[in-house]
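We count ligands from 1, going down the list as the structure has it; atoms in each ligand are counted the same way.
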Amino acid sequence: HTDIRLSSSSQNASVYAFPNYDKYTTAGNVIGSVQLCENTQCCVGYYLIVNGQPKVDVLACDMVEKSCPSATCKAQSHFNNRFLKCVCNADLCNGNITWTPESEEPLHTYSYSAGEILKMAVPLAVILLVMFIVIIAAKRRNLFKEKKNLQSSCDDYSLSSPCSCQTVKSSEIDFSQIELQQIVGQGHFATVFQGKYNGSVVAVKVLPADWKVKFTTEKGIFELPLMTHAGIVHFLGTGRKPNDNSCFIVLQFAEYGSLHSFLCKHTTSWMSSLKLCQSLSQGLSYLHSDLHSGDGHKPPVAHSDLSSSNVLVRADGTCVLCDFGCSTILRSRSERRCCQSHTTNTEGHAQLGTLHYTSPEILEGSVNLNSSGFLMQADVYALGLLLWEIWMRCSDLFEGGVVPQHLVPYELELGANVTLESLISYVSHKDERPSIPKHWELLPQGSALEELLADSWDCEPDARLTAHCVVDRLVSLRSSHSL
Ligand SMILES: Nc1ncnc2c1ncn2[C@@H]1O[C@H](COP(=O)(O)OP(=O)(O)OP(=O)(O)O)[C@@H](O)[C@H]1O
């Protein structure tokens with residue numbers, strides 16, 4: 001058992017305990033066994049289910065600032081029958097999780113009540129089942145058709161596991177070479193630390209041994225040939241911690257953290273908003289590209305979990321993509337033959353990303369399999385939402401007025417704890433999108449912005465731009481409207 005000492009003094013203090021990370025407990029604002037949450041109201045608890053009982057894995061302040069309306073720590077996600085997460089807003093509340101084995105469902109989501117989780121789980125299961133069946137059926141019937149102009153680089157691709165005929169051997173990093181400092185991020189699966197490796201500041205993403213599949217998927221993407229690009233977080237290597245067998249990935253450190261936390265704290269000028277948008281779109285365009293260079297071949301990759309928490313901001317004000325744990329490699333038929341012996345385990349695994357950013361066709365389970373790039377089109381829908389998020393914090397687009405505080409898409413319309421049902425009704429049935437300020441119509445670049453957003457988040461996936469076209473539109477926006 002973890003020894004937890006309680007503090008009665010400071011507000012929003014969160015009990016913290018790192019059974020596997022004892023030597024890092026002095027990092028950050030830690031007093032005794034209590035971490036003082038200075039920049040967030042939320043405490044988070046991660047528990048592993050051992051012999052039917054939740055056992056503390058990590059307790060800390062919630063660095064990703066997700067909503068935490070409850071004072072008690074009710075289990076909100078339950079993965080693989082092994083892992084629970086809860087968030088809450090009272091002193092030391094995350095030391096006690098409220099959980100009953102029957103009340104949880106395996107969702108990757110924000111905080112929901114048990115009833116809501118049940119309501120969402122059924123349609124989600126149906127969507128996943130339908131997607132799986134139609135993908136397999138489409139493969140059999142060779143439904144993927146050639147497309148001109150749009151997605152021209154992804155003809156005849158199909159989903160594949162992260163195996164590759166070609167991979168670049170990455171460096172195996174010895175854990176003793178890394179000095180972990182403080183926690184800088186907490187995803188659903190991983191804890192991300194700032195650290196030092198070979199004299200450089202790095203980010204170390206630690207995934208518990210239970211999440212080996214996520215780790216292997218992400219490692220497989222980083223190890224594809226030609227994956228080095230300014231818009232994709234730079235990968236340094238992977239390893240295993242000797243004491244508990246958890247896996248870690250060492251990455252370039254992004255000084256501003258996630259785009260979400262950057263936009264919460266900062267507003268931008270028009271030019272710096274364009275820099276964020278352009279680097280983000282270039283990163284996605286590169287990820288989607290099918291590249292041959294020398295002996296190396298990078299197949300197109302769909303990110304499948306784009307959100308402002310999975311985009312990082314570097315010190316120079318550019319974005320990089322991160323978190324490839326849900327990504328899918330799209331392979332041509334000939335490559336699949338060559339990879340056949342490795343492609344069975346995750347074949348057809350189109351995963352749902354963060355709910356707010358999920359495209360209407362995936363929300364509804366009506367994926368158009370005539371379009372081989374449907375996962376890339378879903379990424380472009382999320383890209384449109386991210387561009388909107390960035391511009392909603394651009395002070396030059398609110399001159400003379402107040403820049404609104406940062407909100408994730410649909411938070412204003414549907415609240416922070418959005419449900420699948422409300423999203424389907426709003427985004428799919430009513431075809432609504434995040435609202436664009438009326439006065440943008442009057443700005444010189446206003447109509448180009450609106451068109452770009454509309455063409456990225458169109459309800460019809462085939463009508464959406466490619467990520468490459470988004471880059472082109474942003475380049476022309478920059479040249480015609482540089483302030
Ligand atoms: N290279 C990095 N530099 C700085 N911060 C980072 C870096 N990588 C990740 N982070 C922080 O850690 C958070 C979680 O990282 P990541 O999304 O990779 O974890 P995850 O568990 O896979 O998340 P998810 O819940 O989206 O599946 C990010 O939102 C960001 O705040």
Atom indices of ligand 1, in the order listed, that fall short of 4.0 Å to a heavy atom of [X]:
X	value
Gly187	14 (C), 19 (O), 20 (P), 21 (O), 23 (O), 25 (O)
Gly185	11 (C), 12 (O), 13 (C)
Lys205	16 (P), 18 (O), 19 (O), 20 (P), 22 (O)

**Asked** Looking at residues at least two apart in the chain, or sitting in another chain, which of them share a side-chain contact (heavy atoms from CB on, under 4.5 Å) with Asp316?
**Response** Arg314, Thr318
**Set of side-chain contact (heavy atoms from CB on, under 4.5 Å) partners for Arg433, sequence neighbours left out** = Pro360, Tyr381, Tyr410, Val427, Asp431, Trp457, Cys459
**Asked** Knowing that exactly one of Glu389, Lys265, Arg393 qualifies, which makes a side-chain hydrogen bond (donor to acceptor under 3.5 Å, both in side chains) with His406?
**Response** Glu389
**Asked** When you measure from atom 9 (C) of ligand 1 to each heavy atom in Thr354, Leu306, Val192, Val250, which option holds the nearest one?
**Response** Val192
**Request:** Using a 4.0 Å heavy-atom threshold (strictly under), name the region of Gln252 that reaches ligand 1: side chain, backbone, both or neither.
**Result:** backbone
**Fill in**
Under 4.0 Å between heavy atoms, the region of Ala203 that gets near ligand 1 turns out to be side chain
**From Val184, Leu251, Asp323, residue fulfilling side-chain contact (heavy atoms from CB on, under 4.5 Å) relative to Val192** = Val184
**Asked** Heavy-atom contact under 4.0 Å between Gly325 and ligand 1?
**Response** no
**Request:** Quick one: do Cys93 and Cys88 satisfy disulfide (SG to SG under 2.5 Å)? Show the steps, please.
**Result:** CA-CA 6 Å; Cys93 55; Cys88 52; 2.1 Å; yes
Before signing off on this row, confirm whether [X] and ligand 1 have an N or O atom pair separated by under 3.5 Å.
X	result
Ala254	yes
Leu251	no
Leu312	no
His188	yes

**Request:** Just say parallel, tilted or perpendicular for the rings of His266 and Tyr256, cut-offs at 30° and 60°.
**Result:** perpendicular
**Request:** Check step by step if disulfide (SG to SG under 2.5 Å) holds for Cys73 and Cys43.
**Result:** CA-CA 9 Å; Cys73 218; Cys43 306; over 6 Å; no
**Message:** Could you go through Val408 and Tyr357, starting from their C-alpha distance and side-chain angles, then the distance that decides it, and tell me whether this counts as side-chain contact (heavy atoms from CB on, under 4.5 Å)?
**Reply:** CA-CA 9 Å; Val408 294; Tyr357 298 84; 4.0 Å; yes
